[in-house]
Amino acid sequence: MKKIITILLISLIFPSMAKAFTVKHNFLVTVGIFDASKTQFSYTLNPHDYKVASKVMTNGFFNAVYPFEANYITSGKIKSSQMVTLDYNYEAKSKFNTRTKKVFYENGKPIYQVATKNGKEKRKEFTPSPTPADTFDLQTVIAKIAKQYNEVSFCDSTLKVYDGRRRFDVVFKDEGTENLTANEHSFYSGKASKCSMHIKKILSEDDDELWEFSANKPIYFWIARDTKTNHPFIAKIFIKDTPLGELTAHTTDISIEE
């Protein structure tokens with residue numbers, strides 16, 4: 001009887017994780033006055049596995065000047081609420097170059113990667129993390145936050161990340177709720193939870209200007225729940241300062257598979 005009651009309580013608290021589901025987003029990303037890119041993003045969760053996939057394509061003026069397309073796929077296992085990365089693949093094509101990268105893991109830790117540029121292959125060994133880390137790539141971080149929000153409806157958390165070169169914390173904070181209004185770019189209208197994501201450096205990388213920029217710019221995102229399935233989706237993303245002005249990822253539409 002106690003076991004039956006426990007199972008019923010768990011099913012009531014965490015109903016959305018009883019079976020696998022996939023949430024797919026389409027974004028239109030604007031930077032300053034430009035429609036910079038079209039991005040597809042999806043995450044898949046079930047009690048034992050996860051997958052995160054992103055596809056970024058330049059759009060409009062950016063695509064005319066510098067056509068670019070990239071695909072990122074991360075997948076892994078969920079063991080005792082821990083996400084263990086098993087596979088990471090990256091492919092990108094620009095006007096002049098084609099690049100790929102595959103990371104090989106052992107017990108969730110990256111051992112080495114094989115990268116190519118225009119067919120020329122290069123292998124890189126990873127050194128162990130100098131301090132403890134929860135994960136080794138940002139897409140797994142997104143999967144962790146999606147799982148957390150799906151279960152308890154808040155963002156607050158700090159995740160320790162080591163990408164083989166840098167050790168940093170990704171800090172998420174709840175910023176309250178806001179009402180979003182649909183417009184020519186976004187379909188969603190209604191209440192959404194506002195969260196912030198900030199990268200906190202642990203190791204110094206003073207010679208890396210791009211890293212300095214990205215580590216000091218908080219990213220804000222709004223999470224809403226689908227009215228039919230109750231699964232969470234990203235309704236909007238915003239970065240106030242970039243070299244070309246404000247960046248907004250407008251969620252043009254979503255689809256959910258169960």
Side-chain angles (χ1 to χ4, degrees), residues 23 25 27 29-32 36-37 39 41-43 45 50 52-54 56 70 72 74 76 81-83 85 88 90 108 110 129-180 186 188 191-225 232-251:
V23 180
H25 308 68
F27 295 108
V29 181
T30 60
V31 181
S37 76
T39 299
F41 169 75
S42 67
Y43 73 89
L45 291 175
Y50 75 92
V52 181
S54 304
V56 180
Y72 310 79
T74 302
S81 297
Q82 296 297 313
M83 288 186 163
T85 307
Y88 172 87
Y90 163 76
S129 175
T131 58
D134 298 313
T135 187
F136 299 87
D137 71 280
L138 283 173
Q139 291 214 129
T140 295
V141 169
I142 300 303
K144 281 176 175 281
I145 287 300
K147 180 175 182 293
Q148 175 180 304
Y149 193 90
N150 187 63
E151 294 172 347
V152 294
S153 295
F154 66 81
C155 298
D156 272 5
S157 61
T158 298
L159 298 174
K160 300 175 175 62
V161 184
Y162 181 64
D163 64 4
R165 179 185 175 191
R166 302 181 180 93
R167 166 69 181 88
F168 55 93
D169 286 352
V170 181
V171 182
F172 293 89
K173 292 183 179 180
D174 287 298
E175 305 282 351
T177 59
E178 292 185 0
N179 286 314
L180 300 182
S186 179
Y188 181 71
K191 183 179 291 187
S193 297
K194 182 181 179 181
C195 302
S196 64
M197 182 182 84
H198 184 266
I199 296 175
K200 179 182 177 182
K201 295 194 300 178
I202 305 300
L203 299 181
S204 176
E205 293 287 346
D206 295 332
D207 61 338
D208 192 326
E209 293 182 0
L210 179 60
W211 175 252
E212 289 291 332
F213 172 80
S214 62
N216 290 294
K217 306 297 179 184
I219 298 172
Y220 296 97
F221 57 99
W222 288 256
I223 302 176
R225 287 189 179 271
F233 65 91
I234 299 171
K236 179 183 175 182
I237 302 171
F238 177 75
I239 304 174
K240 184 173 180 59
D241 297 312
T242 78
L244 294 176
E246 296 180 347
L247 182 151
T248 305
H250 307 270
T251 307

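Residue indices begin at 1 and follow the sequence shown.
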Taking all non-hydrogen atoms of both residues into account, name the closest pair between [X] and [Y] and its distance.
X	Y	result
Asp156	Gln148	O-NE2, 3.3 Å
Tyr149	Phe154	CD1-N, 3.6 Å
Ser186	Ala235	OG-O, 4.2 Å
Cys155	Asp174	N-OD1, 2.9 Å
Asn150	Arg225	O-NH2, 3.5 Å
Pro232	Ala146	CG-O, 4.4 Å

- prompt: So Phe221 and Phe172, would you call those rings parallel, tilted or perpendicular, with 30° and 60° as cut-offs?
  reply: perpendicular

- request: Could you check whether the rings of His25 and Phe41 sit parallel, tilted or perpendicular, using 30° and 60° as the cut-offs?
  value: tilted

Measuring from [X]:[atom1] to [Y]:[atom2], what's the distance to the nearest 0.5 Å?
X	Y	atom1	atom2	answer
Trp222	Asn179	CH2	CG	13.0 Å
Ile237	Cys195	CD1	SG	11.5 Å
Thr158	Asp134	OG1	CG	9.5 Å
Leu247	Asp241	CG	CG	11.0 Å
Ser193	Glu178	OG	CD	10.0 Å
Ile223	Lys191	CD1	NZ	15.0 Å

- prompt: Is the closest side-chain heavy-atom distance between Tyr220 and Lys236 below 4.5 Å?
  reply: no

message: Measuring only between side-chain heavy atoms, which start at C-beta, is Leu45 closer than 4.5 Å to Met83?
response: yes

field: Side chain His198, main chain Pro218, donor-acceptor under 3.5 Å
entry: no

task: Give a yes or no answer on whether the side chain of Thr251 reaches the backbone of Ile234 with a donor-acceptor pair at less than 3.5 Å.
output: yes

Sequence neighbours left out, cut at 3.5 Å: what donor-acceptor pairs do the side chains of residues 136-145 make with other protein atoms?
residue, atom, partner, partner atom, Å
Asp137, OD1, Thr85, OG1, 3.4
Asp137, OD1, Thr140, OG1, 2.9
Asp137, OD2, Thr74, OG1, 3.3
Asp137, OD2, Gln139, N, 3.1
Asp137, OD2, Thr140, N, 3.0
Asp137, OD2, Thr140, OG1, 3.4
Gln139, OE1, Ser54, OG, 2.8
Gln139, NE2, Val52, O, 3.2
Gln139, NE2, Thr74, OG1, 3.0
Thr140, OG1, Tyr50, OH, 2.8
Thr140, OG1, Thr85, OG1, 3.0

task: Test side-chain contact (heavy atoms from CB on, under 4.5 Å) on Phe233 and Tyr188 and set out the steps.
output: CA-CA 11 Å; Phe233 65 91; Tyr188 181 71; 3.7 Å; yes

- request: Would you please name every residue forming a ring-ring contact (aromatic ring centres under 6.0 Å, His included) with His250, sequence neighbours left out?
  value: His185

